[in-house]
Asker: 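This is the structure, below, for whatever I ask next.
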Amino acid sequence: MKLTKVMITVTIASALMQLSACKGENNEGNALLEESTLPYGAPDFSRIKTSDYMPAIKAGIEQKRENIQTIVDCQEAPTFENTIVAFEQSGILLERVTNVLFALTSAEKTPEIADIEKEATPLLTELDNELMFNKALFARVKAVYDNERDQLEGEDLRLLDETYKQFVRSGALLSDEDMETMKRLNLRIADLQQQWGDALQAATNDAAVWVDSEEELAGLSEADIAQCKQDAEKRGGKAPYCIVIVNTTQQALLASLDNRDLRRRVFEASVHRADGTNDHNTFSICTEIASLRAQQAKVMGYDNYAAYSLERTMAKTPDNVYAFLRQLISDYSPKADAETKAIEAYAKLTEGADFQLEPYDRFYYSAKMKKAMLNISDDEVKPYFTADSVLVNGVFYAANRVYGLTFKQRTDIPVYHPDVKVFEVFDKDGKNIALFYSDLYRRPTKRGGAWMSEFLRQSHLRQQLPVIYNVCNSAKASDGQPSLLTWDEVTTMFHEFGHALHGILSDCHYNSLAGTEVARDFVEMPSQFNESFAVIPEVFDHFARHAETGEPMPAELKERMLKSINFQSAYALGENLAATCVDLAWHMLPPDQVPGVDQAVQFETDALSRVGLLNRQIPPRYSTSYFNHIWGSGYAAGYYSYLWTEVLAVNVADCFAQRGALDPAVGQSFRDKVLSRGNTKDLMQIFTDFTGMQQPDASGLLKARGL
């Protein structure tokens with residue numbers, strides 16, 4: 001749908017007002033206030049200064065207020081164009097600036113950026129409160145919803161419904177007293193989440209384990225030892241070597257370390273990084289956020305936050321989620337017990353009959369058992385997985401074969417860190433369609449994990465092509481040496497690029513419906529499905545090449561490696577199930593039952609015991625005190641979505657396998673029916689449009705995991 005000339009005039013006028021206001025406040029030279037001259041409107045990091053952010057944010061907030069006031073003051077009756085589309089187009093400057101800032105608060109959080117985040121967070125939360133509880137604005141939105149909804153269709157109807165629900169779910173129908181309560185709760189939660197990000201990053205950095213001698217690192221490869229030495233140098237050199245703690249409970253190096261006491265130290269550093277046994281304790285933040293969310297749910301008329309949050313997902317209710325999880329737990333539990341017994345029995349063969357397996361031993365003896373049974377080890381295959389080859393010859397190659405995309409590196413576009421690379425994306429007809437930024441390597445200023453987001457989201461209305469980025473946390477080798485990846489890191493790169501494709505191939509009219517702007521329990525489907533391309537022979541052979549010789553992985557080694565992928569895979573499922581149940585337990589509580597700081601550890605223990613997942617050998621992938629997904633990101637009561645969408649992804653992968661895994665026609669169908677659609681249709685209908693299935697089929701999940 002095209003905007004009317006009136007709306008175009010309003011948009012241009014707003015832009016002129018913004019420019020005038022910026023000049024009036026003596027902000028000349030602020031790169032964030034000027035429209036970028038770079039391709040796609042990409043942020044010009046060569047010109048952006050830390051001093052630019054707050055003036056730009058304040059100017060963006062003022063522009064947003066002016067845009068909203070224009071809607072409210074409109075003398076014409078509320079219509080889809082003058083109210084819903086106008087709201088969709090409001091605050092473009094602020095969105096552009098905060099997209100850049102929040103990219104850095106996650107990937108390059110210097111002390112200066114952290115200070116800016118602290119100053120900006122309450123201002124942005126206050127603005128959101130101001131908008132969502134603007135009675136005059138909501139009255140116009142509701143008038144359109146009540147009077148014009150039956151006349152709309154397609155993306156217009158979807159935008160109206162999503163806009164109306166956004167206001168209602170924020171509390172627009174509440175009493176004045178309850179609105180004030182929600183405003184207060186929103187402000188406090190935003191402040192706590194900002195505190196959480198700082199606290200967790202500091203705790204994880206400080207959890208690094210210092211090692212005095214190379215002898216203690218026995219079992220590690222030369223490359224891993226060199227990495228430990230480099231990490232020590234980057235972190236101040238308190239000792240010659242340093243083992244950096246990553247975001248998850250288990251640490252990959254535990255599979256190789258011969259020194260049992262060092263394994264213990266690394267594991268304990270991980271699980272205790274933020275629980276008060278050292279200088280860091282995040283429980284006060286966790287418990288207060290949980291309490292405030294429970295209060296939000298009560299104000300909104302729900303029994304608990306999970307019920308409130310899940311209403312807008314595919315799962316709909318906590319009961320549906322628990323029914324899904326109970327079946328998985330029932331099928332998984334005996335396999336997990338058998339796996340643990342087998343590993344301990346194997347360890348006793350060399351350590352003696354009295355040996356008792358500890359959580360920090362599991363990866364070590366599992367790796368030895370895998371070597372004995374399948375004749376394979378990580379050190380044998382890692383030289384074939386270099387970061388650059390996986391990205392270009394694997395991730396990009398698969399996207400070329402399936403969707404016809406090609407990628408050209410752009411060294412002329414400034415980046416926020418020297419490790420970041422930029423690629424221009426071209427469609428099968430040679431037309432340029434997106435920019436893609438790749439930021440692969442860990443550093444102290446980057447939070448743990450891996451993610452995708454965008455500097456600019458695709459929108460036909462805004463005539464905007466997508467500017468997308470992926471961030472990972474792989475170890476970067478010393479200068480001149482190739483950075484080697486584990487298989488888990490290989491699949492992580494494919495996973496995150498699945499999200500990127502969801503943004504790159506978006507073909508939507510409205511910005512707020514485009515790309516990955518979908519429910520949590522759908523958004524992980526394209527990413528998890530994209531992992532399946534890593535094991536397709538043609539793709540695997542294209543990227544799995546030796547770091548020194550460039551030779552492809554020998555067929556015999558490849559066969560052993562692929563057979564080993566699901567070796568003793570109950571652990572991976574179990575740690576995910578446990579984290580999911582921890583998340584739900586915290587968000588199923590009414591306000592008066594949220595435990596205090598001193599009871600948080602016991603609460604997690606009891607929650608896992610109730611669902612049959614209290615298992616010392618298989619702890620949660622993330623424990624409460626370092627569970628960033630639920631306290632710092634948008635996955636509160638939603639971590640289950642990784643397992644839920646894995647079912648969808650398995651179903652989609654089966655369709656590809658049946659129709660032709662690398663068949664461009666199948667890829668085009670998936671692109672047209674899923675990746676390009678964003679949130680423009682009912683998400684189950686999007687799934688059905690491609691698969692032909694009326695409901696997902698969970699029967700293939702355990703099989704896909706080798707269970």
Side-chain angles (χ1 to χ4, degrees), residues 43 45-46 48 50 53 100-117 194 196-211 223-248 251-253 266 269-270 273-274 280 385-388 390-391 413-422 436-453 455 469-486 488-490 492-493 495-496 626 628 632-633:
F45 288 105
S46 68
I48 296 172
T50 53
Y53 284 100
V100 175
L101 174 62
F102 293 143
L104 299 192
T105 60
S106 294
E108 183 61 7
K109 194 170 189 176
T110 63
E112 294 80 12
I113 290 296
D115 289 343
I116 292 166
E117 182 188 26
Q194 186 274 319
W196 165 268
D198 290 345
L200 181 60
Q201 182 171 311
T204 303
N205 283 338
D206 288 352
V209 176
W210 295 92
V211 180
D224 284 337
I225 293 173
Q227 185 65 54
C228 290
K229 184 176 182 180
Q230 180 180 322
D231 286 337
E233 292 169 352
K234 288 182 176 180
R235 285 163 172 76
K238 295 179 183 178
Y241 303 94
C242 175
I243 296 176
V244 174
I245 300 301
V246 300
N247 60 318
T248 53
Q251 305 293 308
L253 288 184
V266 171
S270 176
R273 73 186 75 176
H280 301 278
F385 302 143
T386 64
D388 288 341
V390 172
L391 179 63
I413 294 178
V415 293
Y416 57 85
H417 189 277
D419 286 345
V420 180
K421 294 181 179 179
V422 184
F436 172 69
Y437 293 61
S438 176
D439 183 359
L440 297 180
Y441 304 117
R442 69 188 183 213
R443 50 184 174 267
T445 51
K446 182 190 288 188
R447 70 170 172 85
W451 60 94
M452 164 270 178
S453 193
F455 291 118
Y469 59 87
N470 275 172
V471 182
C472 297
N473 263 283
S474 301
K476 184 182 181 182
S478 302
D479 291 343
Q481 299 299 312
S483 296
L484 305 181
L485 306 180
T486 64
D488 183 63
E489 290 171 326
V490 170
T492 294
M493 285 180 63
H495 177 103
E496 296 306 331
Y626 51 95
N628 186 65
S633 298

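Scope of the values below: all heavy atoms of this structure, side chains included, with no hydrogens, waters or symmetry mates.
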Asker: To the nearest 0.5 Å, tell me how far Ile245 CD1 sits from Gln251 CD.
Answerer: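 Going from the CD1 atom of Ile245 to the CD atom of Gln251 covers 4.0 Å.
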
Asker: Nearest 0.5 Å, please: how far is CD in Gln227 from CZ in Arg442?
Answerer: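 Arg442 CZ to Gln227 CD: 5.0 Å, rounded to 0.5 Å.
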
Asker: Please report the shortest heavy-atom distance between Ala208 and Cys242, naming the atom on each side.
Answerer: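 Taking Ala208 first and Cys242 second, the nearest heavy atoms are CB-SG, 3.5 Å.
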
Asker: Taking only residues two or more places apart in sequence, or in another chain, which ones meet Tyr437 in a ring pair (Phe, Tyr, Trp, His ring centres under 6.0 Å)?
Answerer: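 Once residues adjacent in sequence are excluded, the partners of Tyr437 under the ring pair (Phe, Tyr, Trp, His ring centres under 6.0 Å) criterion are Phe455.
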
Asker: May I ask you to decide whether Asp388 forms a salt bridge with Lys421, counting only side-chain N to carboxylate O separations under 4.0 Å?
Answerer: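 A salt bridge is present here (some side-chain N lies under 4.0 Å from a carboxylate O).
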
Asker: Listed by chain and number, what are the ring pair (Phe, Tyr, Trp, His ring centres under 6.0 Å) partners of Tyr441, not counting sequence neighbours?
Answerer: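 Listed in chain order: nothing, the list is empty.
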
Asker: Would a 4.5 Å heavy-atom cut-off, applied to side chains only, mark Asn247 and Asn628 as touching?
Answerer: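 No - every pair of side-chain heavy atoms lies 4.5 Å or more apart.
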
Asker: Using 0.5 Å steps for rounding, measure from the OG1 atom of Thr248 to the OH atom of Tyr626.
Answerer: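 It is 8.0 Å, given to the nearest 0.5 Å.
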
Asker: Do Leu391 and Ser438 have side chains that get closer than 4.5 Å, going by heavy atoms?
Answerer: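 Yes; the side chains approach each other to less than 4.5 Å.
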
Asker: Any sub-3.5 Å donor-acceptor pair from Gln230's side-chain atoms to Lys476's backbone N or O?
Answerer: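 Yes: the side chain of Gln230 pairs with the backbone of Lys476.
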
Asker: Run the side-chain donor-acceptor check on residues 197-205: report pairs under 3.5 Å with partners two or more places apart or on a different chain.
Answerer:
unit_1 : atom_1 : unit_2 : atom_2 : d
Asp198 : OD1    : Lys109 : NZ     : 2.5
Asp198 : OD2    : Gln194 : NE2    : 2.8
Gln201 : NE2    : Pro444 : O      : 3.3
Thr204 : OG1    : Leu200 : O      : 2.9
Asn205 : ND2    : Gln201 : O      : 3.4
Asn205 : ND2    : Pro444 : O      : 3.1

Asker: What are the two closest heavy atoms between Ala232 and Pro240, and how far apart are they?
Answerer: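 That would be CB-O, 3.4 Å.
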
Asker: Which residues pass the side-chain contact (heavy atoms from CB on, under 4.5 Å) test with Glu108, not counting sequence neighbours?
Answerer: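 Counting only residues at least two positions away or on another chain, Glu108 forms a side-chain contact (heavy atoms from CB on, under 4.5 Å) with Leu104, Thr110, Tyr416, His417, Arg443, Thr445.
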
Asker: For the residue pair Leu484 and Thr386, establish whether any side-chain heavy-atom pair is separated by less than 4.5 Å.
Answerer: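 Yes, side chains in contact.
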
Asker: Going by the rule side-chain hydrogen bond (donor to acceptor under 3.5 Å, both in side chains), which residues pair with Arg235 if we only count those two or more places apart in sequence or in a different chain?
Answerer: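 side-chain hydrogen bond (donor to acceptor under 3.5 Å, both in side chains) check on Arg235 returns nothing, list empty.
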
Asker: Of all the heavy-atom pairs spanning Ser474 and Leu485, show the shortest one and how long it is.
Answerer: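 So the minimum-distance heavy-atom pair works out to OG-CD2, 3.5 Å.
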
Asker: Going by heavy atoms in the side chains, are Met493 and Glu489 under 4.5 Å from each other?
Answerer: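 No, too far: nothing below the 4.5 Å cut-off.
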
Asker: Got a sec, which residues hit ring pair (Phe, Tyr, Trp, His ring centres under 6.0 Å) with Phe385, two or more places apart in sequence or on another chain?
Answerer: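 Counting only residues at least two positions away or on another chain, Phe385 forms a ring pair (Phe, Tyr, Trp, His ring centres under 6.0 Å) with Trp487.
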
Asker: If I compare all heavy atoms of Ala269 with all of Ala207, which pair ends up nearest, and what's the gap?
Answerer: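 Scanning both residues, the minimum pair turns out to be CB-O, 3.4 Å.
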
Asker: Is the shortest side-chain heavy-atom distance between Ser106 and Val471 below 4.5 Å?
Answerer: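 No, their side chains stay 4.5 Å or more apart.
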
Asker: Under 4.5 Å between any side-chain heavy atoms of Val266 and Leu253, yes or no?
Answerer: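 No; the side chains remain at least 4.5 Å from each other.
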
Asker: Return the CG to CD distance between Leu440 and Glu496, rounded to the nearest 0.5 Å.
Answerer: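 Output value for this atom pair is 11.0 Å.
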
Asker: What's the spacing between Glu233 CD and Ser478 OG if we round to 0.5 Å?
Answerer: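 Going from CD on Glu233 over to OG on Ser478, the span is 7.5 Å.
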
Asker: If I compare all heavy atoms of Val100 with all of Phe45, which pair ends up nearest, and what's the gap?
Answerer: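 Of all heavy-atom pairs spanning Val100 and Phe45, the closest is CG1-CE2, 3.7 Å.
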
Asker: How long is the span from the OH atom in Tyr241 to the CG atom in Asp224, to the nearest 0.5 Å?
Answerer: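 With rounding to 0.5 Å, OH (Tyr241) is 13.0 Å from CG (Asp224).
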
Asker: Please find the pair of heavy atoms, one from Asn473 and one from Gly449, that lie closest to each other, and give the distance.
Answerer: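 Asn473 and Gly449 have their closest heavy atoms at ND2-O, 2.7 Å.
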
Asker: Side chains of Phe436 and Asn470, heavy atoms from C-beta outward: is any pair under 4.5 Å?
Answerer: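 A side-chain contact under 4.5 Å exists here.
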
